[in-house]
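The structure under discussion appears below in the form of C-alpha cells.
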Number of protein chains: 2
Amino acid sequence: MSWTPTDQDRDTAGTVQSVDRAITILELLARHGVAGVTQLATELGVHKSTASRLVSALEQRTLVEQVEDRGKYRLGVGILRLAGATTARLDLVQEARPLCRRLAVTTGETVNLAVLSGGAALYIDQVAGASTLSSYNWVGQHVPLHATSNGKALLSELAEPDLTRTLGELTAYTPSTITERNRLDRELAAVREHGYAMATDELDVGLTAVAAPVRDAHGEVVASVSVSGPSFRFTPERISQLLPDLRRAVDDLSAAMGYRAP
Amino acid sequence: MSWTPTDQDRDTAGTVQSVDRAITILELLARHGVAGVTQLATELGVHKSTASRLVSALEQRTLVEQVEDRGKYRLGVGILRLAGATTARLDLVQEARPLCRRLAVTTGETVNLAVLSGGAALYIDQVAGASTLSSYNWVGQHVPLHATSNGKALLSELAEPDLTRTLGELTAYTPSTITERNRLDRELAAVREHGYAMATDELDVGLTAVAAPVRDAHGEVVASVSVSGPSFRFTPERISQLLPDLRRAVDDLSAAMGYRAP
DNA sequence: CGCTAGTGTTTCGCTATGCGCAACCCAACG
DNA sequence: CGTTGGGTTGCGCATAGCGAAACACTAGCG
C-alpha cells in the first residue's frame, strides 16, 4: 500500500480491511438484491478472486446465499437471525425518549409518541413542554385517527382495503373535524407529499398539533411523533419554524429503527 | 504455524479468517445481548487487541454499537437495515405477504411465516392482527421447534435420522411444554394426519397458535404459517372456525411455490 | 458444431495485512 | 492513591489474504 503518513481516508484507527470489504459486499447486496462476483468486484475495486473468497466466507455462515449453483448471490437468512437479536432489545419508547425530550426542549411544546392499535392511535409516550399550561397525561389513551395529527400520519400510507377497515365512523368532535371521506383522502395525500400531518381544533377546540411518521427497516410506518399545544401559539410562521426540528427527530428515530432514507 | 494438526476444518476452501471471526463476534453478540472485548476475545480464542480491532471495524459500519464510551458492545442498527433488504428479496416472503395479510384480516389475529433454520423455527414475516395491542415484532426471532405450532408443522414430515438431529434438548418453557420424545412423536403423527399443528401455553402461558405447513414443487415442507393470539380467544369452536381460512392460505401459498395437490 | 465472451472458481507466489505482544489509558474500587 | 480490570494503541514479524493468471463451465452465435 502507498503509505502516505496522513492516511486521509475513512478512520485511520484499527480498521480491518477484509471485514470492511465484506460489509461493503453485504450493503451492495442489500441495495441490488442480487449481484454476481464480477459486479461486486468492480464496485469494490478489487480483483474477482478476492470478491469470490469474501463472498464464500460470508456464504459459509449463511449471511449470503447463492441463488443457484455457480450463480449470483443475495443476502441470506443468517442476517435475519442476527436481526432477531437486535429487535429483541429494540424498544420504540426507549429509543424515542431522548429524541422526544430534545424536541420538547427546542420547541417548548408537548411531544407525543403514538402507534396504530386496533383502529385508533395509541399514545405510548409523552414529554411535556416548558410552556405547557396544564400537563395532562395522554399516555395509554386511544384517540380517533381521523381527528388527530398522529392519526393522519399513521394512516397516511395505508393501502385502500386496510384503510377503510381501520377507519371507523368519522364522528365529529368539533365543527372542524373531518367527516367526509374524500376530504380525508385528500388530506392524507397531502401528508404523503409533505411528510407531515396537521390537526387544528379537530379533536378539541383550541388544540393544534403537527405530526410526522416514523419508519422501520422495511420502510413501513410504525409510529408517529407529534408536537401539540394551544392553537393560538401555532401560527403558520411558528409551525414552519418548528417543522425542521420535528423532521429531524423522526428522521433520527427512523434511523434508529433501521430505516435508510432512499 | 499455530494451527493444530486436527484442524477441524470448517471448510478447507476459500475462507477469509478475519471475516469469519467477525461473523462469530456478531453471533456471540446475538447470543449474549451485550459483551465486552475481553469476553469476546476469550470465546474466540484470540488476543484482546485482535478482538478490539475486529469490533472497531464492525462498529464503523454500524453493525455493532458501543453501549457507552469505553464500554461494552451490542448489535447495531446496520443489521436491521440489512435484514429489511433481506426479506424484501426472499421470494417466499414476497409471495406470502398478501396471503398472510388476508389471513390476518379474516381472523383478526397475528399471522407469522416461519422456516426451518439451524435447529430452530425462524420467523421471516409477520402481519399483526386487528385485535393486537402492541405490534411486537418477532421477525428474525428463532424459537424452539418442539414448543411452537410452527415448529411442529415444520418438523412433521422429517425422517428419523434428521429429526433427532434438528431437535435439541426438549427444554420446558411452561408446565405444558412437551418434554418427552414419544409424546412429541405422537403429536407429529397427528399433525401429518390432520394437516395442522397446535400449541397451547407451551412456549408462553396464555399464548396459543395454530399452524399448517407450506410445500414446494417437490412436495417438501419448506415453510409454515401460523395464527396466534391469547389462549382465551382460542376456544375449540373458534379454532375450527378459522381452520378453513388457514388451510386456504397455505394451499394458495403452496400452489404459488409450485406444489400440486395429489 | 467450434469459437468467443461471459460467468464463477481455483492455484500459486509475494507482500501488504493484520496478528500477538506489551505498554497504555481510564474508571471503579478499597 | 495503589490496584485491579476494563478497552485502546504503537510495533515488528509472519502469515493470511491479495492479484494475476489459468481453469471450468454456460450461453449465444456464426
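Just so you know, these numbers use all the heavy atoms, side chains as well, and skip hydrogens, waters and symmetry mates.
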Whole angstrom value for the distance that separates [atom2] of [N] from [atom1] of [X]:
X: A:Arg21; N: D:dC18; atom1: CZ; atom2: C1'; value: 8 Å
X: B:Leu54; N: C:dT17; atom1: CG; atom2: P; value: 16 Å
X: B:Gln17; N: D:dT15; atom1: CD; atom2: P; value: 11 Å
X: A:Leu58; N: D:dG17; atom1: CG; atom2: P; value: 13 Å

Is there a side-chain contact between [X] and the phosphate of [N], meaning an N or O under 4.0 Å from OP1 or OP2?
X: B:Arg53; N: D:dT8; result: no
X: A:Ser52; N: C:dT9; result: yes
X: B:Tyr73; N: D:dG6; result: no

Are any of the side-chain nitrogens in A:Glu27 or B:Arg61 under 4.0 Å away from the carboxylate oxygens of its partner?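 Salt bridge flag = yes for B:Arg61 with A:Glu27.
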Establish, from distance only, whether the side-chain atoms of A:Thr110 and A:Ser228 form a donor-acceptor pair under 3.5 Å. no
Would A:Asn150 and A:Ser226 count as having a side-chain donor-acceptor pair, cut-off 3.5 Å? yes
Could you work out, with side chain to side chain contact (heavy atoms under 4.5 Å, CB included) as the rule, every residue matching A:Ala153, not counting sequence neighbours? A:Ala197, A:Ala211, A:Pro213, A:Ser224
Using heavy-atom distances to pick each residue's nearest nucleotide on DNA chain C, tell me which of A:Val19 and A:Glu59 is more 5'. A:Glu59
Sequence-distant partners of A:Asp251, side-chain hydrogen bond (donor to acceptor under 3.5 Å, both in side chains), two or more places apart: none
Does the A:His47 side chain pair with the main chain of A:Ser49, one donor and one acceptor, at a distance under 3.5 Å?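 Pair found, side chain donor or acceptor close to backbone of A:Ser49.
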Terminal axis angle for the helix from C:dC1-D:dG30 to C:dG30-D:dC1, five pairs an end, nearest 10 degrees: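 Axis-to-axis angle, ends of the helix: 30°.
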Those residues that, when tested against B:Glu220, pass salt bridge (charged side-chain N to carboxylate O under 4.0 Å, His left out) (two or more places apart):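 Checked B:Glu220 against salt bridge (charged side-chain N to carboxylate O under 4.0 Å, His left out); zero matches.
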Apply salt bridge (charged side-chain N to carboxylate O under 4.0 Å, His left out) to B:Arg101 and list each qualifying residue two or more places apart in sequence or on a separate chain.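 Scan of B:Arg101 (salt bridge (charged side-chain N to carboxylate O under 4.0 Å, His left out), adjacent residues dropped) gives A:Asp162.
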The side chain of B:Gln66 is closest to which nucleotide in this list: D:dG17, D:dC18, D:dT8? D:dT8
Applying side-chain contact (heavy atoms from CB on, under 4.5 Å) to B:Tyr73 and B:Val34, what does each step give before you reach the verdict? CA-CA 5 Å; B:Tyr73 287 89; B:Val34 298; over 6 Å; no
Using a 4.0 Å cut-off on heavy atoms, which residues in residues 37-49 of chain B reach DNA chain C? List them by number, or say none.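 By residue number: B:Val46, B:His47, B:Ser49.
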